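One structure is given below, encoded as structure tokens.
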Amino acid sequence: MRRRDIIVGAGALIGHEASAATMPWLSPDLPDGTRAEAHLVQTPGKQPLIQLSDRPPNLETPIQAFRTAITPNDQFFVRYHLAGIPDEKSLDTWNLEVGGDAAERTVKLTAQQLNDLPQTEITAVCQCSGNGRGLVQPHVPGVQWGRGGMGCATWHGPRLRDVLGRAGVKSEAVEVWVEGADLPAMPGTPEFRKSLPLSRALAAETIVATTMNGGPLPLLNGFPARLVVPGWTATYWMKHLTRITISAKPLDSFWMKKAYRVPAGLFPVAQGFATQDDASTWPITDIVVNSLIATPIHGEQVERSGFTVRGIAWDNGSGIQRVDVSLDGGKSWLSALLDRELSLYSFRTWRLESGPLPRGTAELRVRATSNSKRTQPEVWPANPAGYHNNVPQRLTVKVA
Ligand SMILES: Nc1nc2c(c(=O)[nH]1)N[C@H]1C(S)=C(S)[C@@H](COP(=O)(O)O)O[C@H]1N2
Ligand SMILES: [Mo]
């Protein structure tokens with residue numbers, strides 16, 4: 001291992017790195033350039049994560065972390081669009097402004113005032129829309145995520161609707177706009193601004209999280225408060241939340257109108273986002289049903305007398321109905337045993353005892369089916385930004 005300095009946003013962080021050769025868990029399906037460039041990096045407060053870029057920091061969770069339904073805070077992935085990310089000091093004077101043309105008044109809430117509102121808790125998957133992009137064919141530009149651009153945590157804080165209630169929501173409101181403390185490092189780069197339909201903003205499960213898995217939010221995961229929108233991809237889960245605008249108009253921002261959009265009708269949605277739809281594209285919203293094998297990992301040697309296959313499955317909150325595993329490259333499928341469900345929005349762990357297998361190589365595959373009867377497609381529903389890759393994972397192991 002070499003040591004080097006990594007500059008992340010305003011703070012200089014000291015990191016360790018390892019090369020792709022020492023990272024067998026880095027998916028073999030990733031393009032060569034990505035495998036060569038990815039480093040295992042340790043940033044303060046985190047265990048080593050796979051660094052896909054450093055300004056802004058984009059850090060992926062190694063697959064081994066998905067052996068449990070809850071992803072530990074120090075292994076939780078990190079995604080930023082803008083290089084000007086806040087440090088703890090700049091957040092000393094933090095507060096959250098809530099107002100807008102469709103609000104009764106403007107209020108500034110301190111962290112203490114958020115804590116004084118009724119509190120709730122939800123366990124939910126935070127998944128980047130582009131998770132798995134690095135594995136799609138043909139390759140699509142953008143952060144080359146393998147499978148670890150996601151995590152599942154128990155989020156705690158007030159409901160967004162109670163926060164909005166402090167400002168008062170007028171009847172003409174249609175969207176709630178959100179902004180965070182991070183800023184572009186270069187002039188001309190659009191600020192990261194997102195919005196939610198009013199119905200989603202008022203939903204009981206949408207919260208302003210101030211803690212994660214019982215501890216404070218890690219700085220890189222949105223300290224001191226972030227939006228949690230269970231069932232929707234993480235692009236709406238604004239970190240370091242500084243301003244909420246209750247608006248009578250749809251938000252016209254680069255990150256709503258140009259980015260994070262998918263061809264209209266290509267993916268199933270429960271509710272959609274009508275104020276942002278146009279004839280040919282929709283904003284990306286619902287997470288698609290997906291699954292992953294966390295153990296064994298690709299290339300690992302396993303016992304021919306039998307081994308346990310373990311992993312997770314998740315969707316947009318309809319819940320997981322079944323998980324099927326193939327040990328023979330898709331010729332036959334076995335039903336996995338599902339563990340207890342932490343919440344409809346969480347990772348659901350599962351396991352399967354392989355039984356004896358012939359010596360040689362075995363190709364493992366996994367496929368989940370949701371309660372809404374959706375399953376994973378054999379062919380990726382291609383879209384220009386490389387979103388929603390839920391093609392069943394394949395990996396090979398050596399049976400010895
Ligand atoms: N302030 C801020 N919030 C943000 C983003 C960002 O760039 N800035 N990125 C969003 C996207 S696209 C993702 S995938 C998630 C990542 O959350 P994490 O870094 O806690 O894993 O944050 C979301 N919230
Ligand atoms: Mo994302």
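Just follow the structure's listing: the first ligand is 1, and inside any ligand the first atom is 1. What's counted below: heavy atoms across the whole structure, side chains too, no hydrogens, waters or symmetry copies. From a predicted model like this one, the values you see are computed outputs, not experimental measurements.
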Does ligand 1 have any atom that is closer than 4.0 Å to a heavy atom of M150? no
Mode of N221 contact toward ligand 1 - side chain, backbone, both, neither (heavy atoms, under 4.0 Å): both
Identify, for atom 1 (N) of ligand 1, the protein heavy atom at the shortest distance, and state residue, atom and that distance. D182 OD1, 2.7 Å
Give me the atom names and distance for the closest heavy-atom approach of L344 to D315. O-OD1, 4.2 Å
Taking the six-membered ring for Trp, are H81 and F192 parallel (under 30°), tilted (30 to 60°) or perpendicular (over 60°)? parallel
Between K257 and D252, is there a salt bridge with N-O shorter than 4.0 Å? no
Closest protein heavy atom to atom 24 (N) of ligand 1, given as residue, atom name and distance to 0.1 Å: W237 O, 3.0 Å
List the closest protein heavy-atom neighbour of atom 23 (C) of ligand 1: residue, atom name, distance to the nearest 0.1 Å. A234 O, 3.1 Å
Which label fits Y387 and Y260: parallel for a plane angle under 30°, tilted from 30 to 60°, or perpendicular past 60°? parallel
So which protein heavy atom does atom 19 (O) of ligand 1 come closest to, and at what separation? K239 NZ, 2.5 Å
Could you tell me the residue and atom name of the protein heavy atom closest to atom 7 (O) of ligand 1, and the distance to it rounded to 0.1 Å? H81 ND1, 2.8 Å
Would you mind listing which atoms of ligand 1 come within a distance below 4.0 Å of any non-hydrogen atom of C128? 14 (S)
Which residue supplies the protein heavy atom nearest to atom 21 (O) of ligand 1, what is that atom called, and how far is it? F77 O, 2.6 Å
Just to verify, which of N390, T369, D324 counts as forming a side-chain contact (heavy atoms from CB on, under 4.5 Å) with T375? T369
May I ask you to check whether over 12 heavy atoms, not counting those of R365, lie within 6.0 Å of atom CZ? yes
Using distance alone, decide if ligand 1 has a nitrogen or oxygen within less than 3.5 Å of any nitrogen or oxygen in R79. yes
Numbered atoms and elements of ligand 1 in range of Y260, under 4.0 angstrom, heavy atoms: 12 (S)
T281 and R261: side-chain donor and acceptor closer than 3.5 Å? yes
Here the atoms of ligand 1 under 4.0 Å from any heavy atom belonging to Y80 are 7 (O)
Out of curiosity, is L220 lining ligand 1, as in a heavy atom under 4.0 Å away? yes
For atom 17 (O) of ligand 1, the closest protein heavy atom turns out to be R226 NH2, 3.0 Å
Test salt bridge (charged side-chain N to carboxylate O under 4.0 Å, His left out) on D339 and R351; report intermediate values, then the result. CA-CA 8 Å; D339 295 330; R351 68 206 128 102; 3.1 Å; yes
Residues Q119 and N115: side-chain donor-acceptor under 3.5 angstrom: no
CG of N221 to CZ of F76, rounded to nearest 0.5 Å, is 6.0 Å
Can you find a non-hydrogen atom of Y236 under 4.0 Å from ligand 1? no
of all protein heavy atoms, closest to atom 4 (C) of ligand 1 is F192 CE2, 3.6 Å
